[in-house]
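As structure tokens, the structure follows; a few thoughts come after it.
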Amino acid sequence: TPTCEPETPLCCRRDHYVDFQELGWRDWILQPEGYQLNYCSGQCPPHLAGSPGIAASFHSAVFSLLKANNPWPLGTSCCVPTARRPLSLLYLDRDGNVVKTDVPDMVVEACGCS
Amino acid sequence: AQGAGSACPSCGGPTPAPQAERALVLELAKQQILEGLHLTSRPRITHPPPQAALARALRRLQPGSVAPANGEEVISFATITGPSTSACSSVLTFHLSTAQSHHLYHARLWLHVFPTLPGTLYLRIFRWSPGSGHQGSRTLLAEHQTTAPGWHALTLSSSGLRGEESPVLKLQLNCRLLEGNTTSAQQPRQLLDTAGDQRPFLELKIRPSEPGAGRARRR
């Protein structure tokens, strides 16, 4: 998946680091200090819609099935996450306990046109 | 949706202004984390554990242990109450509201024994359930004996801890010296360190209860 460049209009992954300090959440999230909140943005022209090279994933297969079986408005192909990974968090709950858990689907790794 | 006349940026609409985009991303991050943790709002921490105690507890855990999918590992620090300080008996109270509706599969209690241990220390841990009568009911969770000072990890019977509906877990700690004739002279807090950075803590590993698990077991 291409990482977005300023001049890239097409579907790409926009990398964005969120610092928990910036959210004012460092008092209860112990680790990590922040995380990579990537998201997908950009245009999906018709020739890229459902393109296997761009979005070869379970998600794109589902979108293709939906398109095949349902009336799908023209030009509604979207730039969507096609691969995600979990994020491990160590945080304090409201009772002051330390909790370590993996939160699924937190970090977008790849984007593609639906 | 960005408002009238514009479309979703992911579908090729106009990109919002950088400032607006940043605010949007931060709000998205907050919502994503809260949803991922099944919280409706950020926890307000009124009594955070002391940093030193926290650091010590984290160092005591198994290195590299990873929570299983959707599972959690919890460290809970004890609040100590002693119905009697003349006997080696204390009640350790833990507040575990996050562990409701989860399946507990591992529980260890960490205790710190004073360096000046004069003999063999014999420990018994009970789950304390206040019930009818003066005593309530007790379930034995672990027995342990040691001559070594320092930190000790007592594996608790997870089956003995299951079925706890209350978010407050009370463990009764009984200890005595097996050797020497110093039991009566030893105060409990001289055998076990239950204050400050050496507070006892509970290490739990839990995973979400599988729907239909009971049905599968019955089959």
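Heavy-atom basis, side chains included; hydrogens, waters and symmetry copies ignored. Since the model is a prediction, treat every value here as computed from it, not as a measurement. Numbered from 1 within each chain, the chains take letters A, B, ... in sequence-line order.
Residues satisfying the salt bridge (charged side-chain N to carboxylate O under 4.0 Å, His left out) test with Asp105(A), not counting sequence neighbours, are none. Residues satisfying the side-chain hydrogen bond (donor to acceptor under 3.5 Å, both in side chains) criterion with Asp15(A), sequence neighbours excluded, are Arg13(A).
We find the SG-CG distance between Cys4(A) and Leu10(A) to be 10.0 Å, quoted to the nearest 0.5 Å. For the atom pair Leu121(B) CG and His144(B) NE2, the distance stands at 8.0 Å (nearest 0.5 Å).
For chain B, no part of Leu87(A) is nearby; none of its heavy atoms comes within less than 4.5 Å. Both the backbone and the side chain of Leu92(A) come within contact range of chain B, judged by heavy atoms closer than 4.5 Å. The parts of Ile33(B) that come within reach of chain A are both its backbone and its side chain, each placing non-hydrogen atoms under 4.5 angstrom from that chain. Heavy atoms closer than 4.5 Å to chain A are found in the side chain of Ile45(B), but not in its backbone.
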